[in-house]
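Okay, structure first, notes after.
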Amino acid sequence: MSSLAALNAQYLTYLAKYPLLTKSVTAGILGALNEIIASVVTGDVPEITLFGDVKVKNLLTKKTIGLAIYGFCLSTPISHYMYGIINEIFAGPPSTLKKVLQILTSLLTVTSSVCAVYTSWVGLLNNYVPGKAGSISGEIANILNIIKVSMKTNYLNVYKTSFVTSGLSLIIAQKYLPPQLWVVFFSVVGFVVGTFQNAKMKRRNMALRKAQEKKD
């Protein structure tokens, strides 16, 4: 058995024995890699200063850690339990109608929920500064306001993209994958699409910063 095949067999063993933990670790790693790859590809890598005057590239940013936490603690548990319920509801002999209903149910429940959590979380990663409000009630109000603005500004676009990619992914998963592999498969698809979108957004933000610097 090749080393790759052995690793795959070991991964499937852990997936069967510790399904939620294995899926969460996978999604957490992919979430961090999303930000790292997008930063490297676009050249948008912040620098930190060490020992007074030594500047080094820093890939372990707040957003990298935040996306790892999102994959591990938020999106995976939501997807794991919600898909588990949906797969139980639509268990039994497959039919075209059942498959269509399963896809629509997933898109209206799991996809919409994950998109809402993702939009809120990224909004907090990009805009929340701890301690700025000066009180607990102020911090809570600030957090809720950031989430409200982020949802109003970005949710629809995120959901539209996810609706298409999740729909196609569900069709593939129904045809080729057992239910226990669905969340892992969706995490990989989300990683590819998310990395592309993240890199695109970084390029756009870099162009805006350069344009602003020229004006100044």
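Values in this document were obtained by computation on a predicted structure and should not be read as measured data.
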Distance in Å, Met151 CE paired with Leu144 CG, rounded so as to fall on 0.5 Å steps:
12.5 Å
First locate atom CG of Asn198, then atom OG of Ser39, and finally report the distance between them rounded to the nearest 0.5 Å.
6.5 Å
Any side-chain heavy atom of [X] within less than 4.5 Å of one from [Y]?
X: Leu15; Y: Lys23; answer: yes
X: Asn126; Y: Lys63; answer: yes
X: Glu47; Y: Val56; answer: no
X: Leu170; Y: Leu107; answer: yes
X: Val41; Y: Arg203; answer: yes

Can you establish whether the number of heavy atoms outside Lys152 located under 6.0 Å from its atom NZ is more than 12?
no
Step through the shown structure and confirm whether more than 12 heavy atoms of other residues, nucleotides or ligands are within 6.0 Å of NZ on Lys160.
no
Polar contact flag, side-chain donor to acceptor under 3.5 angstrom, Thr61-Thr64
yes
Under a 3.5 Å threshold, yes or no: a donor from one side chain and an acceptor from the other, between Thr26 and Tyr11?
yes
Please step through side chain to side chain contact (heavy atoms under 4.5 Å, CB included) for the pair Leu74 and Tyr118, ending with a clear verdict.
CA-CA 9 Å; Leu74 299 174; Tyr118 175 79; over 6 Å; no
Restricting to non-hydrogen atoms, name the atom on Val129 and the atom on Glu139 that form the minimum distance, rounded to 0.1 Å.
O-OE1, 4.3 Å
In short, Thr119 meets Ser150 closest at the heavy-atom pair O-OG, 2.8 Å
Candidate pair Leu12 and Leu181, rule side chain to side chain contact (heavy atoms under 4.5 Å, CB included), full reasoning
CA-CA 9 Å; Leu12 293 176; Leu181 290 178; 4.0 Å; yes
Run the side chain to side chain contact (heavy atoms under 4.5 Å, CB included) check on Tyr155 and Ser112 step by step: do they pass?
CA-CA 9 Å; Tyr155 176 76; Ser112 61; 3.5 Å; yes
So, Glu35 and Lys202, do they make that salt bridge, N to O below 4.0 Å?
yes
Which of parallel (below 30°), tilted (30 to 60°) and perpendicular (above 60°) describes Tyr83 and Phe186?
tilted
Run the side chain to side chain contact (heavy atoms under 4.5 Å, CB included) test on Ile172 and Leu177 for me, step by step, so that the C-alpha distance in whole Å, both residues' side-chain angles and the decisive distance to 0.1 Å come before the verdict.
CA-CA 8 Å; Ile172 295 171; Leu177 297 174; 5.5 Å; no
Given ring-ring contact (aromatic ring centres under 6.0 Å, His included), test Tyr176 with Phe185 step by step and report yes or no.
CA-CA 11 Å; Tyr176 298 107; Phe185 173 64; 9.4 Å; no
